[in-house]
Amino acid sequence: MSSLSEQSALATTLRTDTCGLLRSDDVGRTVRLGGWVHRSRDLGGVVFIDLRDRTGLVQLAFGLAWSDAETLRLAAAVGVESVVLCEGDIVARDADRQNPDMQTGAIEVRVRALRIVGPAVTPALPVARGRGEKVAAEELRLRHRYLDLRRPELQENLVLRHRLLQVSRRYLSERGYLELETPILTKPTPEGARDYLVPSRVHPGEFYALPQSPQIYKQLFMCCGFDRYFQIARCFRDEDLRADRQPEFTQIDIEASFVEREDILALAEGLIGALWLEAGHTIPAHFDRMSYHDAMEYYGCDRPDLRYGLRLADYTAVFAPLAFAVTASAIAAGSRVRGLVVPGGAAWSRKQVDELEALAKGAGAGGLLRLRYADGAYDGPLAKFLTDEARAALALTDGDLALFVAAPDRVASPALDRVRQECARRCALIDETMQRFVVVMDFPMFEEDPATGALAAVHHPFTAPHPEDLVSFPDHPARWRALAYDVVLNGTELGGGSIRISDPAMQSRMFALLGIGSTDEQERRFGFLLEGLRAGAPPHGGIAFGFDRIAMLLAGAPSLRDVIAFPKTTAARSLFEGAPVAVSPDDLAELHLTVTETSA
RNA sequence: GGGGGCGUAGCUCAGUUUGGUUAGAGCACUCGACUGUCACUCGAGAGGUCGCGGGUUCGAGCCCCGUCGCUCCCGCCA
């Protein structure tokens with residue numbers, strides 16, 4: 001929106017203009033403004049007020065040459081954060097009176113009339129901060145959110161959020177995607193995250209659930225022929241919180257029919273490109289693809305940060321011939337020896353490497369094997385076991401520190417992932433300006449419980465297995481890959497999706513593999529999906545993006561709470577309005593509920 | 001469920017290491033002065049359940065135990 005059209009769009013009966021958009025072009029105009037007193041400076045015979053609205057600040061000037069005595073008195077007395085209406089003339093400031101730090105610093109408003117329409121009590125926390133002054137504690141910011149949201153930083157975040165929503169809607173709508181809504185009161189699903197439950201008044205003892213995602217509904221839309229769907233969907237998960245996880249969050253939810261994986265990924269690339277462009281970043285039109293296998297093999301995790309190297313490698317063949325007990329016994333037990341080489345790491349102290357080992361142990365590894373190569377000498381527990389062949393194969397450069405884990409992959413990968421990330425941080429290898437997108441795909445269909453051998457869906461139970469694997473290992477579902485994909489940026493998952501199962505028989509088999517064996521149980525829990533698939537389902541698939549997380553990244557905010565107007569604390573409370581709360585016995589009785597003592 | 005950090009004036013913090021007079025500073029607030037400031041400046045003033053509860057001690061903001069809140073991480077998040 002150009003400033004001119006935005007300026008006129010925001011004009012009302014009470015104001016002709018907004019504060020932050022006034023410029024030298026406006027000199028000579030008479031304007032009416034409304035806004036909040038950001039700061040004021042009373043010099044006796046002349047008073048200045050920085051007036052703030054969502055567009056920014058402008059300086060109001062009061063002086064007896066153009067304001068009457070009563071107006072000057074009011075201006076000197078008005079408290080910060082009060083709402084005022086004023087009328088005055090835009091004048092150019094003399095050259096030595098301009099403020100280059102202010103968008104509106106070349107002009108000021110000589111106020112002839114002032115009304116305090118919304119006097120404010122002294123604010124509980126400051127909105128205008130001095131240079132270098134910290135923001136108030138988050139607890140106070142959340143408790144006094146009506147003030148916190150006045151801060152220009154949060155205003156910008158929420159304005160950006162709005163723009164990103166509009167870009168999403170326009171991008172998808174222009175490509176034939178229909179914005180369709182799905183219920184908020186839905187059916188509980190025992191799988192996956194814990195549901196938020198809502199008791200039914202008219203059906204004693206029965207409950208709705210708030211949706212964890214509109215997954216099944218959007219698949220049913222496909223069965224209905226709404227072949228391109230999207231929704232800016234509010235989702236709910238009753239799990240513990242993190243800086244990047246809220247119990248109530250927004251996703252851009254997308255589903256399409258007659259598509260294969262690359263159709264969805266191309267749409268995803270385009271949408272992400274449009275969102276990043278709106279925030280001022282031009283990114284590649286096409287993202288790299290990486291298999292889950294390679295991600296785990298070379299980075300130890302399924303959402304690799306590709307802004308730096310430090311790739312993991314398999315050193316089993318190097319270690320196998322060595323008479324080093326730790327690795328020999330692990331290899332004999334069927335494990336591999338994997339590790340990474342950190343250039344310059346040889347300079348780290350014993351304590352610093354111990355800290356890395358503690359990270360690896362925290363991730364479940366028994367230890368972290370270190371080999372330092374500096375000044376032509378090898379140092380570390382396995383140094384004296386190295387053969388010439390092993391030294392040649394390792395090919396270390398002077399100053400290198402090599403770190404190894406000898407353990408099953410399920411242990412070694414997460415341990416090496418953490419070590420790799422910490423080494424990158426220490427070596428300052430992370431270029432914060434870099435945006436490295438990658439699509440990780442070919443996830444395994446299931447993960448096996450190491451204790452029981454039971455299968456659990458890695459993605460969700462509606463994800464289609466890879467057709468090649470159905471042919472190659474029809475009777476070994478644990479080896480199936482899924483037609484699932486995640487979009488990853490700099491080690492953060494932006495979104496994920498899959499091609500879905502559209503064959504009701506296959507869907508039924510999938511439920512059975514996941515332990516929902518009986519037809520009765522399948523029908524009771526997922527009958528509405530199976531019926532839809534049986535009624536004639538097109539091939540379909542989709543993706544969902546974590547919108548709050550995207551807004552956080554593009555706003556450069558440290559927490560999701562800074563891009564959500566009224567977020568929850570890590571204890572899932574709303575400090576501002578004060579939720580949740582106990583309700584009256586009458587209300588409980590009407591819902592056929594009793595609160596037990598332990599929860600009181 | 002587990003681990004770490006924080007909690008002192010309206011706000012941001014110092015004081016806690018080594019217990020000891022009346023708990024301090026900056027900003028904000030109130031009053032006063034000031035006609036060109038933009039973090040205005042200057043003068044004066046008011047403002048405290050040191051999160052809460054218990055304990056140790058002649059004496060606790062400081063030590064101990066418990067508890068509450070916020071936060072970060074692990075588990076969890078198909």
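Letters A, B, ... mirror the listed sequences (proteins, then strands); counts begin at 1.
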Check this one for me: any side-chain N or O of Lys134(A) less than 4.0 Å away from OP1 or OP2 of C11(B)? no
Nearest-nucleotide check on RNA chain B, Arg418(A) vs Arg237(A); residue mapping nearer the 5' end is Arg418(A)
In whole angstrom, give me the gap between the C1' atoms of G66(B) and U21(B). 32 Å
Set out, line by line, the N/O atom pairs under 3.5 Å between protein and nucleotides 39-48 of chain B.
from	atom 1	to	atom 2	distance (Å)
A39(B)	N7	Arg131(A)	NH2	3.1
C40(B)	OP2	Arg41(A)	NH1	3.1
C40(B)	N4	Asp42(A)	O	2.5

Across the strands shown, which category fits Gln246(A) at heavy-atom distances under 4.0 angstrom: base, sugar-phosphate, nothing? nothing
Pick the C1' atom in A23(B) and in G69(B), then give their distance to the nearest Å. 24 Å
I'd like the P distance from U22(B) over to C31(B), given in whole Å. 33 Å
Using whole Å, what does the distance between atom C1' of nucleotide G51(B) and atom CG of Leu140(A) come to? 12 Å
Here the distance between atom C1' of G4(B) and atom CG of Asp240(A), to the nearest Å, is 16 Å
Looking at Ser508(A) and Pro504(A), would you say the former's side chain and the latter's main chain have a donor-acceptor pair under 3.5 Å? no
Closer than 3.5 angstrom, by distance alone: can the side chain of Glu81(A) be matched with the main-chain N or O of Val121(A) as a donor-acceptor pair? no
What contact category does Arg143(A) fall into here, base, sugar-phosphate, or nothing, at under 4.0 angstrom with non-hydrogen atoms? nothing
Is there a donor N/O on one and an acceptor N/O on the other, under 3.5 Å, for the side chain of Asp96(A) and the base of G36(B)? no
Sub-3.5 Å donor-acceptor pair from the side chain of Asp305(A) to the main-chain atoms of Arg307(A), do we have one? yes
Whole-Å P distance, G53(B) and A14(B): 24 Å
The single option from Thr71(A), Ile116(A), Ile49(A), Leu60(A) that satisfies side-chain contact (heavy atoms from CB on, under 4.5 Å) with Cys86(A) is Leu60(A)
Which one, C38(B), C70(B), C27(B), comes nearest to the side chain of Glu138(A)? C70(B)
Distance check, P atoms only: C6(B) and G75(B), in whole angstrom units. 24 Å
Ignoring backbone atoms, establish whether Arg561(A) has a side-chain N or O less than 4.0 Å from OP1 or OP2 of C72(B). yes
Rounded to whole Å, NE2 of His460(A) lies from C1' of C77(B) at a distance of 15 Å
Separation of C77(B) atom P from Gln251(A) atom CD, nearest Å, is 16 Å
Which nucleotide in C72(B), C74(B), U37(B) has an atom nearest any side-chain atom of Arg97(A): U37(B)
Contact class for Ala456(A) (heavy atom, under 4.0 Å): base, sugar-phosphate, or nothing? nothing
Donor-acceptor pair present, Gln59(A) side chain and U37(B) base, under 3.5 Å: yes
Mark yes or no for a side-chain to base donor-acceptor pair under 3.5 Å between Glu108(A) and G36(B), with no hydrogen or angle criteria applied. yes
From CZ of Arg194(A) across to C1' of G75(B) the rounded distance in Å is 11 Å
Quick one: does Arg237(A)'s side chain have a donor or acceptor within less than 3.5 Å of a partner on Ala193(A)'s backbone? no
Would you indicate what Val47(A) reaches in the nucleic acid, counting non-hydrogen atoms under 4.0 angstrom: base, sugar-phosphate, or nothing? nothing
With both distances under 3.5 angstrom, what nucleotide forms a Watson-Crick or G-U wobble pair with G75(B)? none
Could you state the atom-to-atom distance from CG of Leu241(A) to C1' of G75(B) in whole Å? 14 Å
C77(B) P sits how many Å from Asp244(A) CG, rounded? 15 Å
Rounding to an integer number of angstrom, what distance separates U56(B) and G45(B) when you compare their P atoms? 42 Å
Minimum-distance nucleotide (side-chain atoms of Arg573(A) versus U12(B), C70(B), U35(B)): C70(B)
Counting distance only, does the side-chain N/O of Ser498(A) pair as donor-acceptor with the main-chain N or O of Arg500(A) below 3.5 Å? no
When you compare the side chains of Thr182(A) and Gln231(A), does any donor N or O come within less than 3.5 Å of an acceptor on the partner? yes
Verify whether one side chain among Arg39(A) and Gln59(A) offers a donor that lies under 3.5 Å from an acceptor in the other. no
Does the structure show a Watson-Crick or G-U wobble partner for G69(B), both distances under 3.5 Å? Name it, or say none. C6(B)
Is there a donor-acceptor contact under 3.5 Å linking the side chains of Gln421(A) and Asp417(A)? yes
Sugar-phosphate only, base, or nothing, as touched by Pro461(A) at under 4.0 Å among non-hydrogen atoms: base
Looking only at atom types and distance, does a side-chain atom of Arg194(A) sit under 3.5 Å from a main-chain N or O of Asp238(A), one as donor and one as acceptor? yes
Looking at every strand, decide which applies to Ala571(A) at a 4.0 Å heavy-atom threshold: base, sugar-phosphate, or nothing. sugar-phosphate
Under a 4.0 Å threshold between the charged nitrogen and the carboxylate oxygen, would Asp148(A) count as salt-bridged to Arg145(A)? yes
How far does the P atom of U71(B) sit from the matching atom of A28(B), given to the nearest Å? 29 Å
With a 4.0 Å cut-off on heavy atoms, is Ala65(A) in touch with a base, just the backbone sugar-phosphate, or nothing at all? nothing
How is Thr570(A) classified with respect to the nucleic acid when contacts are heavy atoms under 4.0 Å: base, sugar-phosphate, or nothing? base
Nearest-nucleotide pick for Val46(A), side chain only, options being C74(B), C11(B), U35(B): U35(B)
Given RNA chain B, 5'-ward residue of the pair Arg242(A) and Glu447(A), judged by closest heavy atom: Arg242(A)
NA contact type, Leu514(A), heavy-atom cut-off 4.0 Å: base, sugar-phosphate, or nothing? nothing
Considering only C70(B), G75(B), C29(B), which nucleotide approaches the side chain of Leu575(A) most closely? C70(B)
Touch check for Gln98(A), heavy atoms < 4.0 angstrom, all strands: base, sugar-phosphate only, or nothing? base
Watson-Crick or G-U counterpart of U21(B), or none if no pair lies under 3.5 Å: none
Parallel, tilted or perpendicular: which fits the ring planes of Tyr146(A) and His144(A), with parallel below 30° and perpendicular above 60°? perpendicular
Would you say the base of C77(B) and the side-chain of Arg245(A) have a donor-acceptor pair closer than 3.5 Å? yes
Considering only the P atoms, how many Å lie between U41(B) and G5(B), rounded to the nearest integer? 39 Å
Side chain of Val80(A) only, heavy atoms from C-beta on: which candidate in C29(B), U12(B), G36(B) is closest? C29(B)
Round to a whole Å and report the spacing from OH of Tyr196(A) to P of C77(B). 15 Å
Taking the side chain of Leu125(A) as its heavy atoms from C-beta onward, which of C74(B), U12(B), C11(B) lies nearest to it? C11(B)
